[in-house]
Protein chains: 2
Amino acid sequence: MLKPDVIHLHNMNTTVIPDALKVACSNCNLRELCMPVGFNQDDMNKLDEVVATRRRVKQGSLLFSNGDPFSSLYAIRTGFFKTSVSAEDGREQVTGFQMAGEIIGLDGIVSEHHSCNAVALEDSDVCVMPFAKVEDLSREFPVLQRHVHKIMSREIVRENSVMMLLGNMRAEERLAAFLLNLVQRLHARGFSQSELVLRMTREEIGSYLGMKLETVSRTFSKFSEEGIIEVKQRYVRIITPDALKKIFNPQTCS
Amino acid sequence: MLKPDVIHLHNMNTTVIPDALKVACSNCNLRELCMPVGFNQDDMNKLDEVVATRRRVKQGSLLFSNGDPFSSLYAIRTGFFKTSVSAEDGREQVTGFQMAGEIIGLDGIVSEHHSCNAVALEDSDVCVMPFAKVEDLSREFPVLQRHVHKIMSREIVRENSVMMLLGNMRAEERLAAFLLNLVQRLHARGFSQSELVLRMTREEIGSYLGMKLETVSRTFSKFSEEGIIEVKQRYVRIITPDALKKIFNPQTCS
DNA sequence: CGCGCTTTTGAGACGTGTCAAACTGGGTGG
DNA sequence: CCACCCAGTTTGACACGTCTCAAAAGCGCG
């Protein structure tokens, strides 16, 4: 009953969700996160067309990968992803971690092929938004058009600050910034602003922050010894947020 | 005769160019670089509306800076820019170098304010494209809409590879990649693929590549001693491009 | 319950940063 | 027109942070 005619895409870990299970944007509780505001009900109903299907992605499996033809953007409904690029010699760079309400796949627009990999770090559920449809509706609804532009601009600005992290900051500053960013985003989604469970390994954190997994671990331990955080494997509790902010930004936080 | 009623904006180094000097996109020789292809003449004439004005930016002066209200994108007609972000404590990270035909200002869309600084590294000339007009015409011309999306996506992809550089590569690899990227872009604009004159200082290169100016200088010297390049201050000649490619990517290039 | 992946911790190596000094070249003013 | 000045560059010696290699411990999954 729950899986009547599930169509298999790409691999066994990614399945299309049948119509009966589809949830419209108009009453999705993530709406304010991934959809523009200022629509009346009629508009919203038309906008629901953007989301053609939903797709489940099992932990550890790929939503898309480098070289895949680009067709859609993906809005994360539930779950957690990492995106990464890889050099020809196999070195991998994590370019971001994405959670519910965030959009992935923008990298594919320019060349019609994805240039990065998106891996689910936990069982996830995404809304598939065919980009052709996004563009069609963007022409009809200026507020959607503006929304799409803002999402792309936000990604550019985010990457600018990652460049600042990677180019100018030391290990402690990077990890402090990383933790603060993560809890801030989780808090915006209704989670605690002091506790979190990391969905990624030390190695993935290190790849994102441009440091080795051992250095990530050591820096966690250092913060822990200083009483700034409590760490137990993937679980992290931020005891003194101000201390973290001070490490991240020595200037402002007194 | 050449400056009848020049209006001063922002500061004395940035001037609006009078109508008489305006050059339409339709016969701009950079068209294939910053405008979409596949337009008929009528469309092109309408598209010329995008470029409201042009603006001169003197070497060393700002086109826009962090916090400025966002209103327009800028297409570089002539000249050379750097963009950078700065932390509260004053540390600066160069986020890119832009040359003729490239678009800057995308960072401002998301918050209606610019989040980075754009400085001319030589006397430059940009086309001012009010973003509201870009959006209006994008709704009318799908090919322009697609073009705008591709420009933003391209920037995201570029920043992904900078993250790879900063996160995973050593000084020599970074500088090799930087030089190869620069000559490749210059060559696409009709310049030599082996000679170039750097428009930026060692410090600015270092900021972009996440290394100190002394390390940049030493790495230049090392390449020079190895006979890979010839360096004389800002002038660089690439003697053995393959050696550079091999440094950048140990794997592929035999 | 045990295997394997992840994490932690240690010791030493190495690359890049830091500080300092000398050199170069272009621009400016006498 | 030359000398000076200064920003930018080069080079050296040393310090320091992070990486590398290694081993042990912790935890989750089958």
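Labels below follow one simple rule: chain letters A, B, ... track the order of the sequence lines, proteins then strands, and each chain is numbered from 1. This one's a predicted model, so the numbers in the text were calculated from it and none came from an experiment.
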Global bending angle along the helix from dC1(C)-dG30(D) to dG30(C)-dC1(D), which compares the axes of five pairs at either end, to 10 degrees:
40°
So what does Gly206(A) touch, heavy atoms closer than 4.0 Å: a base, only the sugar-phosphate, or nothing?
nothing
Only residue of Leu121(A), Ile104(A), Val126(A) satisfying side chain to side chain contact (heavy atoms under 4.5 Å, CB included) with Gln98(A) is Ile104(A)
Separation of dG28(D) P from Tyr235(A) OH (nearest whole Å):
14 Å
Phe81(B)-Tyr74(B) aromatic ring centre distance below 6.0 Å:
no
Backbone N/O of Leu209(A) and side chain of Arg174(A): donor-acceptor pair under 3.5 Å
yes
Atom pair distance, as rounded to whole Å: CG in Leu198(A) and C1' in dC27(D)
15 Å
Between Glu173(A) (CD) and dG17(D) (P), how many Å, whole number?
12 Å
What does nucleotides 4-11 of chain D look like as a protein-contact string, B for base, S for sugar-phosphate only, - for none, at under 4.0 angstrom between heavy atoms?
----SSBB
Specify the separation, in whole Å, of atom CD1 of Ile205(A) and atom C1' of dT7(C).
11 Å
Here the distance between atom P of dT18(C) and atom CZ of Arg91(B), to the nearest Å, is 10 Å
Can you tell me how the ring of Phe64(B) sits relative to the ring of His114(B), calling it parallel under 30°, perpendicular over 60° and tilted otherwise?
parallel
Between Arg237(A) (side chain) and Ser194(A) (backbone), is there a donor-acceptor pair under 3.5 Å?
no
So with a 6.0 Å cut-off around CD of Glu92(A), is the heavy-atom count from everything else above 12?
yes
Candidate pair Tyr235(B) and Glu195(B), rule side-chain hydrogen bond (donor to acceptor under 3.5 Å, both in side chains), full reasoning:
CA-CA 8 Å; Tyr235(B) 168 86; Glu195(B) 291 183 298; 2.4 Å; yes
